[in-house]
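Here the structure is laid out as structure tokens; the discussion comes afterwards.
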Amino acid sequence: MLVICGRNVYVNHYLYAPTHHKHSKCTVRTNTRNQMEISGLDNTGRQFKNPDEMWKQEIGDSQKKVDWYRNGVGYWQGVEASMDGVLGGYGHVNEPDINSSEAFLSTLLNEFFPNAGRNQHLVALDCGSGIGRVTKNLLIRYFNEVDLLEPVSHFLEAARENLSPENLSVSEEHKAANFYCTPLQEFTPDAGRYDVIWVQWCIGHLADDDFVSFFKRAKAGLKPGGLFVLKENLARSGFVLDNDDKSITRSHVYFKELFSQCDLIIHNMKDQKGFPNELFPVRMYALTTETVKRVSSSRPKRHSNRPGIIK
Ligand code: SAH
């Protein structure tokens, strides 16, 4: 068994040739109750007809839901505050991870914030930040302020240390500003503070209802024209429940259904390259609250009058 970010990766037929989908393309059908018909598995091989069946088992009453989140955070409380710790023993994927994220982010910044670095003060939120790996290696170089949100206090303390001015090699115009020791499902950002909300390798801890309500609340935390970047493991189809760390790995189809419930639009997406084969595929999504025309030379005029289409 191999583990990344607490998600157990089974090098067996479940993930790589899932028997329940071997001969059929996984599609999501939404029935009259708006219930997703996507089948899934857990790490003991148990099959679920659909997410509802799994969520009923895991968070079917309020005590179970408390336990789901307590066990999720509890898992990470037992993990060392190090690169290897937050990357499930795969510290060496930090470099390809950051390189791909940087390529993705810089394309987005050119497109959305062409004045960044000149006169635009950019602010980001790093969700489920762990020890501040993504902020330290990437976000702090592009954003003037980065806030970190992390429910595990020894990770957040390590982040505070890693990002203290004496441990950073960026100018004084770039700093880690606020450290919030809170889980995503309980967090409401300050209105209109962020240009980018970065969510990497933590959304699997959120049940679907909390996923949707988190993004709905977090939208109000974006500046006009701001966006989310979600970077996550992908199940090849359906979903995979990890009973050890209480997280779920969703498929692209599953994510798309949740994005639509959040009224979020996939502006752009890119697959991570260069990770060991035994790991889940990883995808980066840029999510916006409205359709954004692709303009790279100047700031997109999303809020001005546009020529109307004569129908
Ligand atoms: N994003 C970081 C850390 C990934 S490890 C990185 O890429 O390096 C997964 C992180 O999710 C851990 O720090 C864990 O504490 C955090 N996490 C677990 N449950 C969470 C929740 N409910 N809300 C926010 N973060 C959570």
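Each ligand, and each atom within it, is numbered from 1 in the order the structure gives.
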(request) Tell me, please, whether Phe179 has Arg160 positioned over its six-membered ring: NZ or CZ under 6.0 Å from the ring centre and within 45 degrees of its axis? (result) yes

(request) Give a yes or no on whether a salt bridge exists between Lys65 and Asp209, defined as a side-chain N under 4.0 angstrom from a carboxylate O. (result) yes

(request) Going by heavy-atom distance to atom 20 (C) of ligand 1, choose the closest among Gly88, Pro151, Pro183, Gly130. (result) Pro151

(message) With the threshold set at under 4.0 angstrom, would you say Leu206 reaches ligand 1 through any of its heavy atoms?
(response) yes

(message) Closer than 4.0 Å to some heavy atom of Cys202 - which atoms of ligand 1 meet that?
(response) 11 (O), 25 (N)

(message) Considering both backbone and side-chain atoms of Glu150, is one of its nitrogen or oxygen atoms within less than 3.5 Å of a nitrogen or oxygen in ligand 1?
(response) yes

(request) Indicate yes or no: does an N/O atom of Thr182 lie under 3.5 Å from an N/O atom of ligand 1? (result) no

(message) What verdict does the side-chain hydrogen bond (donor to acceptor under 3.5 Å, both in side chains) test give for Tyr285 and His252, after you've listed the backbone C-alpha separation in whole Å, the side-chain angles of each residue and the deciding distance to 0.1 Å?
(response) CA-CA 10 Å; Tyr285 295 97; His252 175 67; 2.7 Å; yes

(message) Measuring from non-hydrogen atoms of Gly72 to any atom of ligand 1, is the shortest distance under 4.0 Å?
(response) no

(request) Please could you name the atoms of ligand 1 that Val86 approaches to less than 4.0 Å, counting only its heavy atoms? (result) 5 (S), 8 (O)

(message) Looking only at the side chains, is there a donor atom on one of Gln200 and Asp97 sitting less than 3.5 Å from an acceptor on the other?
(response) yes

(request) Would you mind listing which atoms of ligand 1 come within a distance below 4.0 Å of any non-hydrogen atom of Val152? (result) 15 (O)

(request) Tell me which part of Trp201 gets within contact of ligand 1: side chain, backbone, both or neither, using heavy atoms under 4.0 Å. (result) both

(request) Looking only at non-hydrogen atoms, find the nearest pair between Leu206 and Tyr69 and report the distance. (result) CA-OH, 3.7 Å

(request) For residues Asn94 and Arg133, determine if any side-chain heavy atom of one lies less than 4.5 Å from a side-chain heavy atom of the other. (result) yes

(request) For ligand 1, indicate whether the residue Val134 contacts it via side chain, backbone, both or neither (heavy-atom separation under 4.0 Å). (result) side chain

(message) Once you measure the plane-to-plane angle for Phe259 and Phe255, does it fall in the parallel (<30°), tilted (30-60°) or perpendicular (>60°) bin?
(response) parallel

(message) Closer than 3.5 angstrom, by distance alone: can the side chain of Ser251 be matched with the main-chain N or O of Tyr254 as a donor-acceptor pair?
(response) yes

(request) May I ask you to list the atoms of ligand 1 that are less than 4.0 angstrom from any heavy atom of Gly128? (result) 1 (N), 2 (C), 3 (C), 10 (C), 25 (N)

(message) Between Phe143 and His174, is there a side-chain heavy-atom distance shorter than 4.5 Å?
(response) no

(message) Tell me whether Gln200 has any N or O atom under 3.5 angstrom from an N or O of ligand 1.
(response) yes

(request) Heavy-atom contacts with Ser129 under 4.0 Å: which atoms of ligand 1 show up? List them by number with element. (result) 2 (C)

